[in-house]
Every structure is written in structure tokens, then in C-alpha cells.
Amino acid sequence: MEVDRKEILRYLGYGREQEEGPVTPLIDSCVEELSASAEPKHLSREYELRLLPGSRIDGSCFQTESRSLSRNLKDCSQVIVFAATLGMGVDLLIQKYSKLQMSRAVVLQATAAAMIEEYCNGACGQMRQIYEGEGLYLRPRFSPGYGDFPLRCQPDLLDGLEAGKRLGIKLTDSYLMMPSKSVTAVIGVSRKPHRCQVKGCEACEKTDCVYRRDSI
Ligand code: SF4
């Protein structure tokens, strides 16, 4: 599985421009071991969207109030609910090395975090192409916990996809997902032409964009 090496370094706490150096062989073997353990899967489903006064949002399967998400979804009439996971095998591998070799467990964590992002980017990139063929434009994915989009929306998003049954994603009482390398997100769909960077607003050069995924 392809993984953005600069993202792995970033998750490890190096700057984005940092060269790999001595950690390269460890990253290589972590990518290899994770690729053998990961079972990446994703689901998506489109819902009607209503943006209401007071930053209230009705996404059919979830309702919330969020200034940052309302701004990102402006001019959208539908919303795609999205979930992806690398599966429990990755968690078990990281747990195993947490007991045997902590340095490897740390690199595995960073590599798995970059891996799920890369997988989501690929899945969303494919959706983007399909939608653009129909004259529709996708916003970058926006996950609960980002800005003021509350984590308590997680159960509704997962239920909207039947992700417990179909992807095996469970939630803890504090809304953390198991398997831990899992993602939920919403993605706005608009008829208004606007091409977004699939890696999201942080990687996008349109700094004056009105839909930008600012923190709040
Ligand atoms: S800043 Fe870029 S990625 Fe973010 S909403 Fe605007 S165009 Fe899309």
C-alpha cells in the first residue's frame, strides 16, 4: 500500500521538509508489516442536507450545530457520510510491539495514521471523479472533532452507514473508534463549480476560499 513518507515523518514529529535518514529502514519494514496486517475498507452514503439558521445542520442521518461545518457546507444540497478503517489487525500489531519494542510501536502508530489518511484520500479522490462526471463538486472531508463539529455525532454517522455491522467499527463511551485507525467524515456535495484539493484545506493553496475548513 502506498503511504506518503512525509506524512509519516510529520506524525513522528519531524518537520515536513525533514529527510528520512537513519529511520528509513524502520519505516520501510513498518510499511511492509502494516500492509500485510491492514484490511482497509470504506463505506459512503449520500443524504439530503439542510443548512438552517444559527449554524444548525440537518444531514438527515445526523443533526448538529457547528459554525465551522456550516461554513464548509455552504452552497451544498447533499452530504456524503463516509467511514473507513484499516481493521483490527493493525491495532493488534501495534499492541504487540508496545510490549516488545516501543520504538517500533511508535513508528507503526505514525505509519498507520498516514496509511488511513492516504486510503481515505484515494477513496475520496475516486468519488470526486464520479461526482464531477455528473456536474457535482465535493468539499474536503470534515470529521467530528474538527473545529466545533461535535464528537457526539459519531454514533449517528456510523449508524447512517451501518458501519458497526459492515465495517466492524465500534465506539467507546467517549466516542473513540475501535479499530483505532478508523475515520468518519461528512463531505459536502454542491452544483456550484469549485474544485477542492483531495488532501484537504491544509494542503490547499486557496487561502481566501469562503468554504475553507477553518478551525471555527
Ligand atoms: S480551501 Fe481548498 S480544499 Fe478547502 S474548501 Fe476551499 S478549495 Fe476546498
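Atoms within a ligand are numbered from 1 in the order they appear, just like the ligands themselves. Just so you know, these numbers use all the heavy atoms, side chains as well, and skip hydrogens, waters and symmetry mates. Not measured: the values here are computed from a predicted model.
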- Query: For atom 7 (S) of ligand 1, which candidate among Glu202, Lys199, His194 holds the nearest heavy atom?
  - Reply: His194
- Donor + acceptor pair across side chains of Ser66, Arg71 (<3.5 Å): no
- Task: Check the side chains of Gln109 and Tyr97 for a donor-acceptor pair under 3.5 angstrom, ignoring hydrogens and angles.
- Result: no
- If you count the non-hydrogen atoms of other residues, nucleotides and ligands that lie under 6.0 Å from CD in Gln101, is the total more than 12? yes
- Query: What class does the angle between the rings of Phe62 and Phe149 fall in, given that below 30° is parallel, 30 to 60° is tilted and above 60° is perpendicular?
  - Reply: tilted
- Item | side chain to side chain contact (heavy atoms under 4.5 Å, CB included) involving Arg50 - partner list, sequence neighbours excluded | Leu52, Asp58
- Considering only heavy atoms from C-beta outward, does the side chain of Ile187 approach that of Met127 to under 4.5 Å?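 Side-chain contact under 4.5 Å: yes.
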- Message: For atom 2 (Fe) of ligand 1, what is the number of protein N, O or S atoms at a distance under 2.8 Å?
- Response: 1
